[in-house]
Amino acid sequence: MAAVSIKQLTKVYANGFQALAGVDLQIQEGDFFALLGPNGAGKSTLIGILSTLVNKSAGQVEVFGHDLDTDPAGLKRCLGVVPQEFNFSVFEHCFDILVTQAGYYGVKASIAKERAEECLIQLGLWDKRDTAARMLSGGMKRRLMIARALMHQPRLLILDEPTAGVDIELRRSTWDFLAELNRKGTTIILTTHYLEEAEHLCRHLAIINHGHIVRNASMKSLLKEL
Ligand code: ADP
Ligand code: ADP
């Protein structure tokens, strides 16, 4: 089954700017997929539409068979999103942020607490469980956002520039975490303008520029050409 099926997706912003121009894209279940492109290419717009935060202008989007137009709730349940910008309630403590998030998806409190514990440990944030989110370093905030996106155990995880501004050591540990998550079965899509990140993690990639997919290939075949 396709994890993501996008047909002729177009986005024209209210000011008339066309950020996506008829994008076609299929991503298979279990894949680790990179959306690579320069700033302004349309990556965040595409992710925003997939995660229901941005309205599309035209085209069709399905996630695990749930159509964005007819079953947005079903689509949302399948995915976890890690935005680029930190968007927590800054006074809440890390553990509570995760438990609250699970509650939005109807996860039972006892299970939510177990999962929060597991996620905090795996992401190296257990020491910070009772710390307010605003006290975390940039890299820790990013990892907390990953933990939060995983609380309802989505089949698809989408990350927008997951390691932008993260130092090299933390980047490596985030990479290891994501690779392991994918190995255990979660389909992952990330955006990056950083080829090394895509090369290290991803099996397939699409290159986007000016709202068009200009290349869509396996990482192996692409690297042979470079
Ligand atoms: P939509 O068409 O999805 O309703 P809008 O065009 O109304 O989106 O813009 C959504 C928000 O993005 C607005 O608050 C707007 O100020 C902001 N915005 C406008 N232009 C840009 C831009 N070039 N880059 C990023 N954000 C922008
Ligand atoms: P990327 O994530 O690849 O950097 P974006 O999807 O953020 O690209 O932006 C694609 C283009 O759309 C950019 O030229 C950006 O300025 C423009 N854009 C983004 N949001 C808006 C908006 N709300 N209104 C108008 N233009 C926008």
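Order of listing sets the numbers, starting from 1, for every ligand and every atom in it. Count residues from 1 along the sequence.
When H193, Q18, K11, K43 are ranked by how near their heavy atoms come to atom 3 (O) of ligand 2, first place goes to K43. By heavy-atom distance, the residue among S44, G16, G40 lying nearest atom 10 (C) of ligand 2 is G40.
Here is the list of ligand 2 atoms found below 4.0 Å of a heavy atom in N39: 4 (O). When each atom of ligand 2 is checked for a heavy atom of P38 under 4.0 Å away, the hits are 3 (O). Near A19, meaning under 4.0 Å from any of its heavy atoms, are these atoms of ligand 2: 12 (O).
Residue contacts with ligand 2, taken as heavy atom pairs separated by less than 4.0 Å, do not involve A14 at all. Both the backbone and the side chain of T45 come within 4.0 Å of ligand 2, counting heavy atoms alone.
Between M135 and M140 the shortest side-chain heavy-atom distance does not fall below 4.5 Å. Side-chain contact check for F33 versus Q28: every heavy-atom pair is 4.5 Å or farther apart.
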query = Passes side chain to side chain donor-acceptor pair (under 3.5 Å), E117 versus W126? Steps please.
reply = CA-CA 7 Å; E117 179 175 336; W126 182 240; over 6 Å; no
task = Decide side chain to side chain donor-acceptor pair (under 3.5 Å) for T191 and D160; before the verdict, give the C-alpha distance in whole Å, the side-chain angles of both, and the deciding distance to 0.1 Å.
result = CA-CA 5 Å; T191 71; D160 200 357; 2.6 Å; yes
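The side-chain hydrogen bond (donor to acceptor under 3.5 Å, both in side chains) check on N216 picks up nothing, with sequence neighbours excluded.
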Indicate every side-chain donor-acceptor pair of residues 94-106 with a distance under 3.5 Å to a residue at least two apart or in another chain.
unit_1, atom_1, unit_2, atom_2, d
T100, OG1, E92, OE2, 3.0
T100, OG1, D96, O, 2.7

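At least one heavy atom of G42 lies less than 4.0 angstrom from ligand 2.
Where the criterion is an N or O separation shorter than 3.5 Å, residue side chain and backbone included, A41 meets it with respect to ligand 2.
Put simply, the side chain of T187 gets close to the backbone of G30: a donor and an acceptor are under 3.5 Å apart.
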